[in-house]
Amino acid sequence: MLPVGKDDLGFKIKTISKLLAQNMTNSITSLDLTSSQAIVLGYLCYRAHRQESVYPRDLERHFSFTHPTVSGLLQRLEAKGYLRFEPSPEDRRCKQILVTERALETNQQVLDHLAASEQRLVSDMSPVEITQLHSFLDRMIRNLSASNGAPQAADQFPRPADETARAPEDRGW
């Protein structure tokens with residue numbers, strides 16, 4: 001059995017995730033958002049851009065968040081003026097989430113921060129290495145998702161062959 005430590009793949013992935021979250025939080029502090037709020041806001045803006053209805057249960061499913069987590073995130077984003085709720089036209093018992101103009105403007109700033117962070121992450125990699133990295137990570141997600149019976153998150157928004165051909169707002173959180 002291998003010891004768990006710095007050479008463990010899971011440890012490295014967790015470290016990268018933690019550093020990305022810290023960098024994002026540091027970058028967006030002036031926007032009064034946490035990294036979790038920024039990611040949810042990005043998803044909501046993406047869906048709004050596609051003119052798709054979004055409900056709290058969609059966030060629970062997409063991010064594998066619990067209902068209380070989603071409720072707390074949405075309450076804080078609403079208090080900050082990033083979103084509002086409206087009864088669903090199909091089922092008035094359900095509350096549809098709508099983003100505000102402030103959310104759309106702020107999301108662009110968040111996307112700019114994300115693009116800069118991602119660029120730093122792969123700054124010394126060739127385009128071929130970056131493509132391979134994406135492929136490896138997608139396979140790892142599929143492998144773990146299949147063994148857990150979980151939805152395959154990597155398949156929800158497949159990457160085009162040339163990621164740089166898409167604008168940051170079209171990346172699909």
Side-chain angles (χ1 to χ4, degrees), residues 1-28 33-50 52-77 83 97 99 107 110-173:
M1 186 165 123
L2 296 173
V4 176
K6 288 184 177 183
D7 292 330
D8 179 61
L9 191 56
F11 178 83
K12 289 180 180 187
I13 292 170
K14 179 148 177 92
T15 301
I16 291 168
S17 175
K18 200 170 161 183
L19 288 169
L20 283 171
Q22 287 172 350
N23 284 332
M24 178 52 66
T25 298
N26 291 341
S27 296
I28 61 175
L33 289 173
T34 65
S35 58
S36 294
Q37 291 170 352
I39 289 169
V40 168
L41 187 65
Y43 176 77
L44 294 171
C45 289
Y46 173 79
R47 296 280 301 265
H49 177 73
R50 295 175 54 123
E52 297 174 350
S53 298
V54 185
Y55 302 91
R57 70 177 177 271
D58 296 325
L59 297 175
E60 292 170 23
R61 289 181 189 140
H62 182 78
F63 293 106
S64 298
F65 286 162
T66 64
H67 180 74
T69 298
V70 169
S71 293
L73 281 166
L74 294 177
Q75 286 173 2
R76 286 185 286 282
L77 288 170
L83 56 90
I97 305 167
V99 295
N107 185 56
V110 171
L111 289 172
D112 294 343
H113 289 292
L114 276 173
S117 182
E118 188 168 313
Q119 184 58 42
R120 280 193 312 276
L121 185 66
V122 297
S123 63
D124 63 347
M125 294 182 191
S126 72
V128 170
E129 289 173 320
I130 294 168
T131 300
Q132 288 175 331
L133 176 61
H134 283 291
S135 176
F136 294 149
L137 292 172
D138 288 344
R139 281 172 47 196
M140 292 166 73
I141 290 168
R142 279 192 304 273
N143 291 343
L144 288 176
S145 295
S147 67
N148 290 335
Q152 296 185 7
D155 295 336
Q156 289 179 354
F157 295 104
R159 290 182 176 274
D162 181 13
E163 177 67 31
T164 59
R166 279 175 43 189
E169 64 273 7
D170 292 336
R171 288 195 178 158
W173 297 77

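One is the number of the first residue; the rest follow in order along the sequence.
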Colleague: Which distance, rounded to the nearest 0.5 Å, do you find between the CE of Met125 and the CD of Gln119?
Modeller: 11.0 Å
Colleague: Hey, what do you get for SG (Cys45) to CZ (Arg50), rounding to the nearest 0.5 Å?
Modeller: 14.0 Å
Colleague: Check Ala38 against Ile28 and note the closest heavy-atom contact, atom names and distance.
Modeller: CB-CD1, 3.6 Å
Colleague: How close do Leu73 and Gln37 get, heavy atom to heavy atom, and via which atoms?
Modeller: CD2-CG, 3.7 Å
Colleague: Side chains of Ile13 and Met140: does their closest heavy-atom pair fall under 4.5 Å?
Modeller: yes
Colleague: Where the side chain of Thr131 meets the backbone of Pro127, is there a donor-acceptor pair that is under 3.5 Å apart?
Modeller: yes
Colleague: Closest heavy-atom contact between Asn107 and Gly42?
Modeller: OD1-CA, 3.1 Å
Colleague: Quick one: OG on Ser27 to CG on Leu33, what's the gap to the nearest 0.5 Å?
Modeller: 12.0 Å
Colleague: Please answer whether the main-chain N or O of Tyr55 pairs with a side-chain N or O of Asp58 as donor and acceptor at a distance below 3.5 Å.
Modeller: yes
Colleague: Find the distance between CZ (Arg57) and CD (Glu60) and round it off to the nearest 0.5 Å.
Modeller: 9.0 Å
Colleague: Determine whether Thr69 and Phe63 make a side-chain contact, defined as any pair of heavy atoms from C-beta on separated by less than 4.5 Å.
Modeller: no
Colleague: Rounded to the nearest 0.5 Å, what's the gap from CG on Asn26 to NE2 on His113? Could you check?
Modeller: 11.0 Å
Colleague: Measure the CG-NZ distance between Asp8 and Lys14 for me, rounded to the nearest 0.5 Å.
Modeller: 12.0 Å
Colleague: Please output the side-chain donor-acceptor pairs of residues 16-25 that fall under 3.5 Å, not counting sequence neighbours, one pair per line with the distance.
Modeller:
from: Asn23; atom 1: ND2; to: Leu19; atom 2: O; distance (Å): 3.3
from: Thr25; atom 1: OG1; to: Ala21; atom 2: O; distance (Å): 2.9

Colleague: Hey, are the side chains of Ile97 and Leu59 touching, using non-hydrogen atoms and a 4.5 Å cut-off?
Modeller: yes
Colleague: For the residue pair Leu77 and Val99, establish whether any side-chain heavy-atom pair is separated by less than 4.5 Å.
Modeller: no
